[in-house]
Amino acid sequence: MDKTVTLSEAEELLNQWIGALKGVETIDLSMAGGRILATDVTADTDQPPFAKSPMDGYAVRSMDIENASRENPSMLHVVEKVYAGQFPSLSVGEGEATRIMTGAPVPKGADTVVRQEDTDYGEEKVAVYKSQKKHEFYCSQGEDFKKGDILIRRGSRLDAVRIGIMAGAGIPSATVRKKARAAVLTTGCELCQPGQRLRKGQIYNMGLYMIAQRLREWGVGPVLCKVIQDEEKKLRESIEEAAEQADLIITTGGVSVGEKDIVKQVLAAMGANIVFDRIKVKPGSPSAFSMYKGCPVLSLSGNPFAMTVHMELLVRRAVALLYDSRDLLPVLEEAELLEDFPKKSLHERYARGRVKSGQVWIPAHREKPGILSSMESCNCLARIPGEGKEMKKGEKIWIQRL
């Protein structure tokens, strides 16, 4: 039975088969970077919790300085000095001012803060040289957020800004999704680990390290990373071991049609449900998706760039589904080709690219699936439609940022 699918069909099948992890945990906010929120975060207080001064100056009533100028300054009586961390004990009345520092609460009666540069820096009396409107240079209570506001939605990935927002709301911990565990199984007798001496016919195993690092960037913990020879018994044992430990299994290599390409056959013989076994995308079309004992298995090409493409197209979506996180889903945007792309394809093709100011450059001379080094200067994947024609400079295409 033919189980070849388009990319959109593959995405829908992943959506159908992969559910969110059920476990959650509450951890200290300082340790929550990169984790995925399991619940909405709601503010328990206003931020700021009081009206405050954005600068060093004088808190005054705007009506008292409405005609102030260098030639005709408004003279005000200074009733108090307030620093950040203190609270005013006196209100500001007619003809009065409070000397105030950055971050200090604005006293009652005052509705604007005059910069000290627009005064004579007076201590007991101050000359104000500039008129101001009500609430000019003034931070209102709750201007950032108010009590009861939803600050961050469930499924969001916690970065520095979001953690800062939670800290600003006085929230000391975060309830996050259980950390997903992944097994990475790279197959091939030709693979040699970095640090070991290459034998004739061998290459270094870049895929294992690249995949494990990309998973970490998405907040996934690689719990099992193995190199497996092209032998059915060892592959079966490794898949069994992975299914017991991981929430997601990724295999590389062994998915094409050669004598040693046994991954799909072994999975089928083990009773895995092969959801699709080929995808109409270049490079990496032999990529497959299976379910084994409730664990998703994504089997990718062993070619470095083909592997990279399907990590971004398939594995990234699988991780987003495990975490129920829209933040992790791929996002497409439009860009203009900076140069011709002469490679024709009947199926959708993804090329490495660099996007800047709405234009994307593709290193067409370094586009082979076995080449990874040209990715170092790239920041996106460029989607070339499968229309069997060359793409010309200035044409619009979709890109997916990395």
Side-chain angles (χ1 to χ4, degrees), residues 13-27 31-36 38 157 175-189 191 193-194 205-255 262-275 277 287-302 307 310-312 314-325 328:
L13 287 166
L14 290 172
N15 293 344
Q16 290 175 21
W17 282 93
I18 302 177
L21 298 173
K22 296 189 182 302
V24 300
E25 59 179 329
T26 300
I27 60 176
M31 303 299 292
R35 300 296 294 273
I36 307 298
R157 188 169 187 266
T175 301
V176 296
R177 289 275 179 192
K178 166 191 168 187
K179 196 174 182 72
R181 303 161 301 168
V184 185
L185 309 178
T186 53
T187 69
C189 298
L191 297 178
Q193 292 299 90
N205 185 3
M206 64 175 71
L208 180 66
Y209 292 84
M210 181 175 67
I211 290 173
Q213 177 55 34
R214 194 63 169 139
L215 289 169
R216 292 186 187 100
E217 290 169 4
W218 293 332
V220 178
V223 293
L224 179 67
C225 296
K226 294 185 73 173
V227 183
I228 307 161
Q229 303 298 305
D230 295 315
E231 297 176 18
E232 182 176 338
K233 182 175 181 293
K234 290 182 179 179
L235 181 56
R236 289 177 70 107
E237 290 172 350
S238 296
I239 292 172
E240 286 287 1
E241 182 183 5
E244 291 174 2
Q245 298 183 34
D247 305 300
L248 174 66
I249 300 171
I250 302 163
T251 73
T252 69
V255 292
I262 60 173
V263 171
K264 295 174 189 175
Q265 297 93 307
V266 167
L267 281 164
M270 294 174 70
N273 177 12
I274 310 297
V275 181
D277 62 8
S287 294
F289 168 48
S290 313
M291 293 295 296
Y292 181 65
K293 293 186 176 180
C295 185
V297 184
L298 285 163
S299 300
L300 313 182
S301 168
M307 184 191 308
H310 289 270
M311 279 292 294
E312 300 302 319
L314 302 180
V315 178
R316 183 173 188 152
R317 177 170 291 271
V319 171
L321 292 167
L322 287 172
Y323 279 140
D324 189 21
S325 172
L328 292 173

A.B. asks: Could you pull out all residues at least two apart from Thr187 that satisfy side-chain hydrogen bond (donor to acceptor under 3.5 Å, both in side chains)?
C.D. replies: none
A.B. asks: With heavy-atom distances below 4.5 Å as the criterion, would you say the side chains of Ile239 and Leu185 are in contact?
C.D. replies: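 Yes - at least one pair of side-chain heavy atoms lies under 4.5 Å apart.
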A.B. asks: Which residues pass the side-chain hydrogen bond (donor to acceptor under 3.5 Å, both in side chains) test with Arg157, sequence neighbours left out?
C.D. replies: none
A.B. asks: Among all residues two or more places apart in sequence or in another chain, which pass the side-chain hydrogen bond (donor to acceptor under 3.5 Å, both in side chains) test with Asn15?
C.D. replies: Arg317
A.B. asks: Using 0.5 Å steps for rounding, measure from the CE atom of Met307 to the OG atom of Ser287.
C.D. replies: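 Separation between the atoms: 10.0 Å.
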A.B. asks: Heavy-atom distance under 4.5 Å between the side chains of Asp247 and Lys178, does that happen here?
C.D. replies: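 Yes, side chains in contact.
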A.B. asks: Apply side-chain contact (heavy atoms from CB on, under 4.5 Å) to Leu248 and Val319, showing your working.
C.D. replies: CA-CA 8 Å; Leu248 174 66; Val319 171; 4.2 Å; yes
A.B. asks: Who are the salt bridge (Lys or Arg N to Asp or Glu O under 4.0 Å) partners of Lys179, not counting sequence neighbours?
C.D. replies: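 Scan of Lys179 (salt bridge (Lys or Arg N to Asp or Glu O under 4.0 Å), adjacent residues dropped) gives none.
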A.B. asks: What's the separation between atom OG1 in Thr175 and atom CD1 in Ile27, rounded to the nearest 0.5 Å?
C.D. replies: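 If I round to the nearest 0.5 Å, the distance is 9.0 Å.
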A.B. asks: What's the spacing between Leu321 CG and Arg316 CZ if we round to 0.5 Å?
C.D. replies: 12.5 Å
A.B. asks: Test Phe289 against every option in Asp277, Ile274, Val275 by the side-chain contact (heavy atoms from CB on, under 4.5 Å) rule and name the one that passes.
C.D. replies: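 In the set Asp277, Ile274, Val275, the residue that makes a side-chain contact (heavy atoms from CB on, under 4.5 Å) with Phe289 is Val275.
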A.B. asks: Could you list the residues that satisfy side-chain contact (heavy atoms from CB on, under 4.5 Å) with Gln193, not counting sequence neighbours?
C.D. replies: Gln196, Asn205, Leu208, Tyr209, Val227
A.B. asks: Taking all non-hydrogen atoms of both residues into account, name the closest pair between Val223 and Ala246 and its distance.
C.D. replies: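 For Val223 versus Ala246, the nearest heavy atoms are CG2-CB, 4.3 Å.
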A.B. asks: Do Met311 and Trp218 pass the side-chain contact (heavy atoms from CB on, under 4.5 Å) test, and can you show the C-alpha distance, the side-chain angles, and the key distance before you say yes or no?
C.D. replies: CA-CA 11 Å; Met311 279 292 294; Trp218 293 332; 3.8 Å; yes
A.B. asks: Just so I know, are the side chains of Leu314 and Leu14 near enough to count as touching, which here means a heavy-atom distance under 4.5 Å?
C.D. replies: yes
A.B. asks: If we count only N and O atoms by modelled type, under 3.5 Å, do the side chains of Thr251 and Ser299 hold a donor and an acceptor together?
C.D. replies: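 Per modelled atom types, Thr251 and Ser299 side chains form a pair under 3.5 Å.
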A.B. asks: Would you mind listing every salt bridge (charged side-chain N to carboxylate O under 4.0 Å, His left out) that reaches into residues 205-214, with sequence neighbours excluded?
C.D. replies: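 Those involving residues 205-214 are Arg214-Glu217, Arg214-Glu312.
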A.B. asks: With sequence neighbours excluded, tell me which residues meet salt bridge (Lys or Arg N to Asp or Glu O under 4.0 Å) with Lys264.
C.D. replies: none
A.B. asks: In chain order, what residues pass the side-chain hydrogen bond (donor to acceptor under 3.5 Å, both in side chains) check against Ser238, with sequence neighbours excluded?
C.D. replies: Lys226
A.B. asks: For Arg236, check side-chain contact (heavy atoms from CB on, under 4.5 Å) against everything at least two apart and list the hits.
C.D. replies: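 Applying side-chain contact (heavy atoms from CB on, under 4.5 Å) to Arg236 gives Glu232, Val266, Ala269, Met270.
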A.B. asks: List the atom of Ala20, the atom of Asp324, and the distance in Å for their closest heavy-atom pair.
C.D. replies: CB-CB, 3.8 Å
A.B. asks: Once rounded to the nearest 0.5 Å, what's the spacing between atom CG of Leu322 and atom CG of Leu21?
C.D. replies: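 These two atoms lie 5.0 Å from each other.
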A.B. asks: From Ile36 CD1 over to Leu328 CG, what is the distance, rounded to the nearest 0.5 angstrom?
C.D. replies: 4.5 Å
A.B. asks: With rounding to the nearest 0.5 angstrom, report the CD1 to CG distance, Ile262 to Leu235.
C.D. replies: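 That separation rounds to 5.0 Å.
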A.B. asks: Between Arg35 and Glu25, does a salt bridge (charged side-chain N to carboxylate O under 4.0 Å, His left out) hold up when you go through it step by step?
C.D. replies: CA-CA 11 Å; Arg35 300 296 294 273; Glu25 59 179 329; 2.6 Å; yes
A.B. asks: My understanding is that only residues two or more places apart in sequence, or in another chain, count here; which of them pass salt bridge (Lys or Arg N to Asp or Glu O under 4.0 Å) with Glu244?
C.D. replies: none
A.B. asks: Between His310 and Ser301, is any pair of side-chain heavy atoms under 4.5 Å apart?
C.D. replies: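 When only atoms from C-beta onward are counted, Ser301 and His310 do not touch, as no gap falls below 4.5 Å.
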A.B. asks: Using salt bridge (Lys or Arg N to Asp or Glu O under 4.0 Å) as the criterion, list what pairs up with Lys22, not counting sequence neighbours.
C.D. replies: none
A.B. asks: Could you pull out every donor-acceptor pair under 3.5 Å between side chains of residues 290-298 and any protein atom, sequence neighbours left out?
C.D. replies:
from   : atom 1 : to     : atom 2 : distance (Å)
Tyr292 : OH     : Glu240 : OE1    : 3.3
Tyr292 : OH     : Glu240 : OE2    : 2.4
Lys293 : NZ     : Glu240 : OE1    : 3.0

A.B. asks: Can you find a pair of side-chain heavy atoms, one from Leu224 and one from Glu241, that are under 4.5 Å apart?
C.D. replies: yes
